[in-house]
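Take a look at the structure set out below.
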Amino acid sequence: MSTDSQSPVLVWFRDDHRLSDHPALAAAVATGSRVLCFAVLDDDSDGLRPLGGATRWWLHGSLEALDDALRRTGSGLLVFKGSALSIVGRIAIEAGASAIFWNRRYSAAEIAVDRAIKKHLTDLGIRAHSFNGRLLHEPWTIANQAGKPFQVFTPYLRAVMARPVAAALPPPKRIPGGTWPSALLDAAIPVGALGLEPSSPDWADGMRAEWRRGERAGQEGFERFCRESLRGYADNRDHPSVQGTSRLSPHLRFGEISPRQIWHGVTAEAAREPSLARDAEKYLSEIIWRDFSHQMLHYYPHMPDRPHSSRFDRFPWSEDAKAVRAWQKGRTGYPIVDAGMRQLWQTGWMHNRVRMIAASFLVKHLLTDWRRGEAWFWDTLVDADPANNAFSWQWIAGSGPDSAPFHRIFNPVAQGEKFDPDGDYIRSFVPEIAELPSGFIHKPWDAPPAVLHAAGVRRGETYPDPIVPHGPARERALQAFRSLRSVADLPS
DNA sequence: TAAAAGTTACG
DNA sequence: GTAACTTTT
């Protein structure tokens, strides 16, 4: 521990709203200087994508929780609003800081902002230190035999599984708090005044009922997952009516838990109880998909904007605004799709299996450009992030690296029957067909009139008929895909 | 992390 | 007729 220094050091929190396993915070504390913590709501930097509605809602609670935690161990959190480049420079100068610490980000715009700030501060004689607080491994540390980034998930998975993961850091016992200059205190904005939560209409009730935000909620959610849902995860994770997944995605999104903490926690569980090995490995592979998405975003910065595979540049997407609206509102007439889209709208989250079905439906049955879906999820998911959202949409659309082939088209009825056999998931989100017997709940249009009547369902009135028929829609999608084939690709 | 069509084996 | 397996999209 170095001696006390006159000038404070800064920690800039960005989607790493925790005190435990926070390398930047730990390094700042280790300097022995006073530590001032801040965050920036940046809707202004060039190219930086403003948060969607659901993530803004989550951010509110996440920042409040972080401020509380920092008040208990240090001097709290100041939040500023505006372009990070101008604000962070000003903060560093006015606070008289000797150094600034942060954990890295991975989208192109974020990297550009951070690089510009680092240069600006370095020119002013202020050191900027960056760390890995977000991933198991930095993208540039995992490469194949040829020294290139992996393009296929399975070998990437094997490489990561064979590699040790850095230990998770404990939270600092005490953070030597400093005093902010009054000009900065005046410039900061209370979290409640940032306008992150909706007022009228207040659409966040369903999300409030579903989630607790902040590090404590994230850590407790993880402990609960290990206790209650890790056993059986590999089988249960695909059944949306079962509490079979970890539901940690928004906590990971905002860094309320780190992937390193998850890695070591799950590994310890499996070491204690060898029968958990298969479930633990399956769960960790999902965490590794998350690293893989970030690696892809790092190497292919246009992942959110353009198809990774250029053959999709000329895909004949259609623009059916009415159909897209029906998809967004959960009125497609396919119960599993509608249940998922309504779960998303009400709770800010959708079960992974259903995400695949609903996304496949938008892209393949409706022939909608995946970027429309990506934008909707960006606005409505509490876990929306630049890497996972873009990568996963490209994956389902078939245009991404190592993605599902385009001709893999989910049948929403068959998927519903397979993964929600009793229709419990559908019943909880599509109440107007809840009384249908399980045999018809995935295809109300097949139910005899007497069954519909008994269930109080009037086709096309209380619940829509399918907006596109499955068989012809499937054929149309395959036809569109075939149209991409160039002469050179045709079999000779 | 698929579905549908085609083919074969067996009654 | 249909279950099991293979091929195609």
note: A:F153, atom CZ; B:dT1, atom P; distance rounded to Å ~ 11 Å
Fill in: Test log, rule side-chain contact (heavy atoms from CB on, under 4.5 Å), inputs A:D291 and A:Y156
CA-CA 10 Å; A:D291 259 40; A:Y156 176 84; 3.4 Å; yes
Show each protein N/O and nucleotides 2-6 of chain B N/O combination with a separation under 3.5 Å, one pair to a line.
unit_1	atom_1	unit_2	atom_2	d
B:dA2	O3'	A:Q415	NE2	3.1
B:dA3	OP1	A:Q415	NE2	3.1
B:dA4	OP1	A:N411	ND2	3.1
B:dA4	OP1	A:H470	NE2	3.0

* Check whether any side-chain N or O of A:K364 sits under 3.5 Å from a backbone N or O of A:A473 as a donor-acceptor pair, and report yes or no. => no
With a cut-off of 3.5 Å and sequence neighbours excluded, list every side-chain donor-acceptor pair involving residues 260-267 of chain A.
unit_1	atom_1	unit_2	atom_2	d
A:R260	NE	A:D21	OD1	3.4
A:R260	NE	A:D21	OD2	3.1
A:R260	NH1	A:N132	O	3.1
A:R260	NH2	A:D21	OD1	3.4
A:R260	NH2	A:N132	O	3.1
A:Q261	OE1	A:Q219	NE2	3.0
A:Q261	OE1	A:S258	N	2.9
A:Q261	NE2	A:S20	OG	2.8
A:H264	NE2	A:V165	O	3.2
A:H264	NE2	A:A166	O	2.8
A:T267	OG1	A:W263	O	2.6

A:L484 atom CG is separated from C:dT9 atom C1', nearest whole Å, by 14 Å
- prompt: In this structure, are over 12 heavy atoms from other groups packed under 6.0 Å from A:E228 atom CD?
  reply: yes
So the salt bridge (charged side-chain N to carboxylate O under 4.0 Å, His left out) pairs with at least one residue in residues 463-472 of chain A (sequence neighbours excluded) are A:R459-A:D465
Separation of C:dT8 atom C1' from A:R482 atom CZ, nearest Å, is 10 Å
